[in-house]
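In what follows, every heavy atom counts, from backbone to side chain, and hydrogens, waters and symmetry copies are set aside. Chain identifiers are assigned alphabetically (A, B, ...) following the order of the sequence lines, protein sequences preceding nucleic acid strands; residue numbering begins at 1 within each chain.
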Amino acid sequence: MCAIASNIWQRYLLWFAHDLVDFRMAEIKSLISVLDINMRWVEEPADHPFWIVEVPSEECVKKLASRSISLRGVIELWAHSNNISTLHQQLKALNPNVYQPYLQPHLSFKVEVETFSNHLSLPELVDKIEVQSFSYLPIVGPVNLKNPDVKLWFMEYYGLEPNNIPELPYQYYFGRWITDGQRHLMKKFSLKTRKFIGNTSMDAQISVLMANQGKVKPGDLVLDPFVGTGSLLVPAAHFGAYVLGTDIDYLILHAKTRPSRIQQKVRASDESIQANLRQYGLENQYIDVVVADSSLPLWVKEFELDAIITDPPYGIREPTERVGTHKVPQITEQQAPTHIPSKIDYGHDHLYQDLLNFAAKHLKLGGRLVTFIPILRELYNEENMPKHPCLELVANSEQVLSAYVCRRLLTYEKVSRPSDCMAGERTFDPSLENFRDKYFNHCEDSRQVRRQKHYSNIGLRDSNSKTDRIAPESDT
Amino acid sequence: MKLLTHNVLSSKCLKGVSVGYPLRLNATDIKVVDVDFNSEFVSRMIPKINYSALYEAAQSIGHHNGLPDAVADDYEHNDDFLKAVHHVLLEVDVVSGDLECPESGRKFPITRGIPNMLVNENEVNEINSSNGC
Ligand SMILES: C[S@@+](CC[C@H](N)C(=O)[O-])C[C@H]1O[C@@H](n2cnc3c(N)ncnc32)[C@H](O)[C@@H]1O
């Protein structure tokens, strides 16, 4: 809780990284809810990366920044205007109580500049500060460019189109840096340095967003029913949840699938989801993974989860399967000792219907289901998203993958307990059925072209090679 | 596989099996690991787990020492009790063995700590298959 310390709410500038813009508001809303933060917008947030907010105390924005991966950082706002002379006037008239504690002889400082959408060279940036000359501010401490005690920021906002910037900025901001957001987790949890990954591992940034959508908090119990290499469990565990996963693929859970790193010939003998958590010092949060088919019931009725966070199979990069008899099983040597049953296609309508029914049954009240769904953009209609009477769709963010295809991150919250009559209904529009067929029909042309290019480049190989897959991963 | 997981798994997807719980636990290799004690988590889990099934599972593999056979009344404030439950829930790890359906006797192998709950196509309970997960 960040209790109301005084009646005077303070203004802060939330500075967002400019990517996955459609996920921003959803993340912030989830976080103010799970962290119980009191916050109000000064102006309705838009697509631009600077939001002015008011909170009762600095504590509130610090808490927000301790979880948000959309946030670059938070600035205590000292002045803000669409006009530079007004900005200077505001700064000159600033109450000394605001700046005095930070402008002290023993505190080193640095002034930084951001010119959003207007990329300037370093000398040009330095020039900006000199031209603006904030010399009226009683800065008395020593300059320290590497590791200052106090960072002051001057920002100019030139709109969202770098190729069409105005002569003068639309907005000016000035303030004191309070704290960084969680962008550093993108490096910390980067797939590039993770022990066990596969070609369906989710990149670090989106995995963190998903854990935040799940409102994960310490001591929660979180399940991924399509766990693969466990990439969604990592941030959930990082935020203190105890994590569990199931997957139909015995080989993946035992890390016996072909390595997905090009330079890696064989997998190390100790690769596993558990080893990944160990790598990050999160082994305490690991419960188990189980080889199981998520289209069949597995858990006792009383099993209650705080969140279900998952990326179900799309049927493109990895097969969408369930146990059944429509296909002849191909049992490899490694699989033989534990017999892998034959699998049939697991249609998207059934998969999501099962997933929502499962969530309605096993989530606690107020618990969340966070799942991706692949969409042909042309056919998208919000009304057709999977539905369940006990689940409310609280967020729906688009990540564009190509001109035709996107995936949407859907966040549902359990709002009531199911009665028996609610289970097993067909819960959404059949137009979303057979995504794979539609995807391939739609993309046939471009695939043909790519395939020809591919084959002429490297010679004939199996038609399942990486070039044929959509590759949304952007691990930066 | 930890006993917490055992406590929530069932074999009810099998044809002709109605409850499929608790699964009989046969362990051929057990590892005792260190997991940080989180009293809040353990006390949150207590009303959610089936305590007698936990006790019996621990007993069946000889790891019930120190575990009371019933939930302590004041469990939320009883650290000794919570620590004993913590140990059995999270620190006793079955590396290999199997889980056996109490109704049909069907065995599910545990290898390298991972239970395999897959069933053959002809074993699936058709009514259940629409219920999912
Ligand atoms: C998109 S991947 C998820 C990847 C995962 N997030 C990771 O970190 O690797 C989907 C996973 O679902 C699994 N799967 C497919 N059908 C399944 C089923 N019926 N039950 C359980 N898992 C299934 C696949 O083996 C695959 O690992």
Subject >> Contacting region of A:Leu223 [heavy-atom separation from chain B under 4.5 Å] >> reply: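 It is neither, since no heavy atom gets under 4.5 Å.
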Subject >> Portion of A:Asp247 that has a non-hydrogen atom of chain B nearer than 4.5 angstrom >> reply: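 Nothing of A:Asp247, per the 4.5 Å heavy-atom cut-off to chain B.
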**OP:** Using distance alone, with no hydrogens and no angle criterion, decide if B:Ser52 and B:Asn50 have a side-chain donor and acceptor under 3.5 Å apart.
**Re:**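 Result is yes, a qualifying pair exists.
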Subject >> Residue selection (most heavy-atom pairs with chain A, distance under 4.5 Å) from B:Gly20, B:Ser11, B:Ser10 >> reply: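 Of B:Gly20, B:Ser11, B:Ser10, B:Ser10 has the most heavy-atom pairs under 4.5 Å with chain A.
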Subject >> chain A interface, residue from B:Val33, B:Ile49, B:Val8 that has the most non-hydrogen pairs under 4.5 Å >> reply: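 Max contact count across the listed options: B:Val8.
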**OP:** Check whether B:Leu4 gets within reach of chain A through its side chain, its backbone, both or neither, counting any heavy atom under 4.5 Å.
**Re:**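 For B:Leu4, side-chain heavy atoms alone lie under 4.5 Å from chain A.
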Subject >> Audit row: B:Met117, B:Leu23, side chain to side chain contact (heavy atoms under 4.5 Å, CB included) steps and yes/no >> reply: CA-CA 11 Å; B:Met117 301 302 291; B:Leu23 298 167; 4.0 Å; yes
Original post:
When only pairs under 4.5 Å are counted, which of A:Ile287, A:Val289, A:Asn284 shares the most heavy-atom pairs with chain B?
Top reply: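 Highest number of heavy-atom pairs under 4.5 Å: A:Asn284.
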Original post:
Counting N and O atoms only, with roles assigned by atom type, does the side chain of A:Gln285 sit under 3.5 Å from a partner on the main chain of A:Gly240, one being a donor and the other an acceptor?
Top reply: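 Yes, the answer is positive, given that a donor and an acceptor are paired below the 3.5 Å cut-off.
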Original post:
Name the one of B:Thr111, B:Thr28, B:Asn26 that satisfies side-chain hydrogen bond (donor to acceptor under 3.5 Å, both in side chains) with B:Ser96?
Top reply: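 Among the candidates, only B:Thr28 passes.
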**OP:** Grab the two heavy atoms, one from A:Ala307 and one from A:Gly214, that are nearest each other, plus how far apart they are.
**Re:**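 So the minimum-distance heavy-atom pair works out to CB-O, 3.8 Å.
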